[in-house]
Q: 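Dropping a structure here in structure tokens format, bear with me for questions.
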There are 2 protein chains.
Amino acid sequence: MAARDELLVPPGGPARRGRPRGSTRERILDVALELFTEQGYEQTSLREIAERLGVTKAAIYFHFERKEDMLLELHMRLHALGHEAIDELDGLDDDQQRADAWPRVLDHFVDQVIRNRELFLFHVRNHRALDVLADNEAHQAENEDIQQRISRLLTSEEIPLAQRVRMAASIGALTGVVAAGGAFSGVPPDELAELVRGAVRDLVVPRPLGR
Amino acid sequence: MAARDELLVPPGGPARRGRPRGSTRERILDVALELFTEQGYEQTSLREIAERLGVTKAAIYFHFERKEDMLLELHMRLHALGHEAIDELDGLDDDQQRADAWPRVLDHFVDQVIRNRELFLFHVRNHRALDVLADNEAHQAENEDIQQRISRLLTSEEIPLAQRVRMAASIGALTGVVAAGGAFSGVPPDELAELVRGAVRDLVVPRPLGR
DNA sequence: GTCTATATAGGGATAGAC
DNA sequence: GTCTATCCCTATATAGAC
């Protein structure tokens, strides 16, 4: 749990506790996050990362054995964001209950996502690239992520189709706002989160009275 | 207009009018669409496409001068899908009017997208890759696409933030359903489109009476 | 911790035979 | 229209000097 929270410190953020662990390593990850998000993992070469930092490729290999390991570390930070949602869903008995709890879970999830826009966007744009981590131990352990649970819910036959469609739509709506990137980058996270919560609620909670 | 419609014939579909123009070329595009969607444009090699067709890379170069040209041709087919929406938006005077027409435009757009799921998904997953077409003549001519218009609307200061957020969310919602891929692939297009229309309408049309 | 140099693999693209 | 063979470039990754 403590370890989980530690993953959430903002990349390159202010409070660097304990040993001043290699600022270079952090700087590499910062640049990697930025470029992976912008261009995609596979389109980003080590040379590119190294150049932007003013070092050589070989220098990077001192900090990360493989290119994959950067992807892995960034992905781990993201996992932490979904844990509350997972815990909440796991506490329920069947898929219909999980579907009905969706508005509540989503409410909280929206906050997490909006507040970690860049990390989330990195994930959205690279989730296919994560396949390369398939046979990585550390990843296997931490895996079983939200994405998978959600897919399972979306295909569950216990839930009416209309409800499943709206669940998929609500995730998409959230993603859409984050992916609109530039458009809302000036809006304070709390304000944006509130607007998005209102929107997805209308999407996912049936209208009370006749149209 | 006629040419535009012709682009919409289903890839590898039944009615092949005029000269039986090279079935090989069509088969290449079919495979390309599938692999580009699945793995991404840049992650798909010509060797891979060729292998699946049982030919060699060089054979592909007979039909397409450059790899880009496959991307271009698929992209062109997609452009056609957005034209009604563009025409409808272009008929209006200012951004606020366009924003208010959004529900109507979206209604129609949902149909187009759902009925051409694979092509749309191809686009969503590869729109960054389209940058390589930046200096292509044929593309320039046809360009000025919906994506751009939408971005412009989303950043327009004439439209209240809350409304813009909901517009972004509605696009995302549609994308989310399509991207959920497997989950709804069994559902007939018309039924799915109707469900999605209902959902995005709740998102984008303000609730009539007090909560 | 960072460098230069190199090994190895795979990509897109072209030439020329059939 | 499709093949074989090849060119050139860039990618990840490693070895070994400083």
Side-chain angles (χ1 to χ4, degrees), chain A residues 12 16 19-36 38-75 126 128-136 138-139, chain B residues 12 16 18-36 38-75 126 128-136 139:
Chain A
R16 189 156 288 125
R19 65 240 137 100
R21 47 191 234 292
S23 77
T24 302
R25 191 187 158 91
E26 288 301 313
R27 282 170 59 230
I28 292 174
L29 280 176
D30 287 353
V31 173
L33 175 60
E34 196 181 325
L35 292 180
F36 290 172
E38 204 173 286
Q39 317 176 326
Y41 170 73
E42 327 242 15
Q43 278 63 54
T44 303
S45 68
L46 294 178
R47 184 186 52 70
E48 218 169 345
I49 297 175
E51 237 163 43
R52 187 174 292 209
L53 285 166
V55 298
T56 63
K57 281 193 294 176
I60 293 184
Y61 274 99
F62 175 82
H63 296 280
F64 297 92
E65 270 192 31
R66 287 170 297 270
K67 187 189 177 188
E68 288 178 27
D69 293 346
M70 291 185 242
L71 188 65
L72 177 62
E73 186 144 337
L74 291 172
H75 186 201
N126 287 288
R128 292 213 98 80
L130 295 175
D131 294 351
V132 303
L133 301 179
D135 52 354
N136 183 305
H139 177 253
Chain B
R16 189 159 286 126
R19 66 237 137 104
R21 50 191 232 291
S23 78
T24 302
R25 191 186 157 91
E26 288 301 314
R27 283 170 59 230
I28 292 175
L29 280 177
D30 287 353
V31 172
L33 175 60
E34 195 181 324
L35 292 180
F36 291 172
E38 204 174 286
Q39 316 176 326
Y41 170 72
E42 328 240 14
Q43 277 63 56
T44 302
S45 69
L46 295 177
R47 186 187 50 72
E48 218 171 344
I49 297 175
E51 236 164 44
R52 188 174 292 208
L53 285 166
V55 298
T56 64
K57 279 196 294 177
I60 294 184
Y61 273 99
F62 175 82
H63 298 279
F64 297 92
E65 270 192 30
R66 288 170 297 272
K67 187 190 177 188
E68 286 179 28
D69 293 345
M70 294 187 240
L71 188 65
L72 176 62
E73 186 143 338
L74 291 172
H75 183 71
N126 287 287
R128 292 213 99 79
L130 295 175
D131 294 350
V132 305
L133 301 178
D135 53 354
N136 183 305
H139 177 252

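Note on naming: letters A, B, ... go to the chains in the order of the sequence lines (proteins, then strands), and numbering restarts at 1 for each one. What you see below is based on every heavy atom in this structure, not just the backbone, and it leaves out hydrogens, waters and symmetry mates.
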Q: State plainly whether the residues A/Arg128 and B/Glu38 are in salt-bridge range, i.e. N to O under 4.0 Å.
A: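 Looking at B/Glu38 together with A/Arg128, the answer is no, because their closest N to O distance does not fall below 4.0 Å.
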Q: Starting from P on D/dT12, measure out to CD1 on A/Ile60 and report it in whole angstrom.
A: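 Going from A/Ile60 (CD1) to D/dT12 (P), I get 9 Å.
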Q: Can you name the residues that form a side-chain contact (heavy atoms from CB on, under 4.5 Å) with B/Glu51, not counting sequence neighbours?
A: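 For B/Glu51 the side-chain contact (heavy atoms from CB on, under 4.5 Å) partners, ignoring immediate neighbours, are B/Arg47.
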Q: Nearest whole angstrom, please: distance from the P of C/dC3 to the CD of A/Glu51.
A: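 Those two atoms, CD and P, are 12 Å apart.
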Q: Let me know the distance between CZ of A/Arg25 and P of C/dG1, rounded to the nearest Å.
A: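 Going from A/Arg25 (CZ) to C/dG1 (P), I get 11 Å.
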Q: If you measure from the Lys or Arg side-chain nitrogens to the Asp or Glu carboxylate oxygens, is any gap between B/Lys57 and B/Glu48 under 4.0 Å?
A: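 No, no charged N to carboxylate O under 4.0 Å.
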Q: Expressed as a whole number of angstroms, how long is the span from B/Leu46:CG to D/dC7:P?
A: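 Those two atoms, CG and P, are 20 Å apart.
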Q: Contact class for B/Ser45 vs. all strands (heavy atom < 4.0 Å): base, sugar-phosphate, or nothing?
A: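 Contact class for B/Ser45: sugar-phosphate only.
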Q: Side chain of B/Phe62: nearest nucleotide among C/dT2, D/dT12, D/dG1?
A: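 When the side chain of B/Phe62 is considered, D/dG1 is the closest of C/dT2, D/dT12, D/dG1.
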Q: In whole Å, I'd like the distance from the CD1 atom of B/Ile28 to the P atom of D/dG1.
A: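 Roughly 11 Å, once rounded to whole Å.
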Q: Taking the six-membered ring of A/Tyr61 (Phe, Tyr or Trp), confirm whether the NZ or CZ of A/Lys67 is under 6.0 Å from its centre and within 45° of its axis.
A: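 No; the conditions do not both hold, so A/Lys67 does not lie above the ring face of A/Tyr61.
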Q: Measuring from the side chain of B/Tyr61 (C-beta onward, heavy atoms only), which nucleotide among D/dT4, D/dA13, C/dG12 has the closest atom?
A: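 The answer is C/dG12, which lies nearest to the side chain.
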Q: Among D/dA13, C/dG11, D/dT2, which is the nearest nucleotide to the side chain of A/Lys57?
A: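 The answer is D/dA13.
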Q: Rounded to whole angstrom units, what separation is found between the CD atom of B/Glu48 and the C1' atom of C/dG12?
A: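 Roughly 14 Å, once rounded to whole Å.
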Q: Looking at B/Thr24, I'd like to know whether one of its side-chain N or O atoms comes within less than 4.0 Å of OP1 or OP2 on D/dG1.
A: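 Checking D/dG1 against B/Thr24, no side-chain N or O comes under 4.0 Å of OP1 or OP2.
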Q: Has B/Thr56 got a side-chain N or O lying under 4.0 Å from the OP1 or OP2 atom of D/dA5?
A: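 Checking D/dA5 against B/Thr56, no side-chain N or O comes under 4.0 Å of OP1 or OP2.
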Q: Which of the following nucleotides, C/dT4, C/dG12, D/dC3, is nearest to the side chain of B/Ala58?
A: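 Between C/dT4, C/dG12, D/dC3, the one nearest the side chain of B/Ala58 would be D/dC3.
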Q: So, OP1 or OP2 of C/dG11: does either fall under 4.0 Å of a side-chain N or O from B/Arg47?
A: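 Checking B/Arg47 against C/dG11: at least one side-chain N or O falls below 4.0 Å of OP1 or OP2.
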Q: Calculate the interatomic distance between A/Glu65 atom CD and D/dT14 atom P; express it in whole Å.
A: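 After rounding, the reported distance stands at 8 Å.
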Q: Return the value, rounded to whole Å, for the distance between atom CD of B/Gln39 and atom P of C/dG11.
A: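 It is 11 Å, rounded to the nearest whole Å.
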Q: Looking at A/Arg27 and A/Asp30, is there a salt bridge between them, counting it only when a charged N and a carboxylate O are closer than 4.0 Å?
A: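 Here A/Asp30 does not pair with A/Arg27 in a salt bridge, since their nearest N and O are not under 4.0 Å apart.
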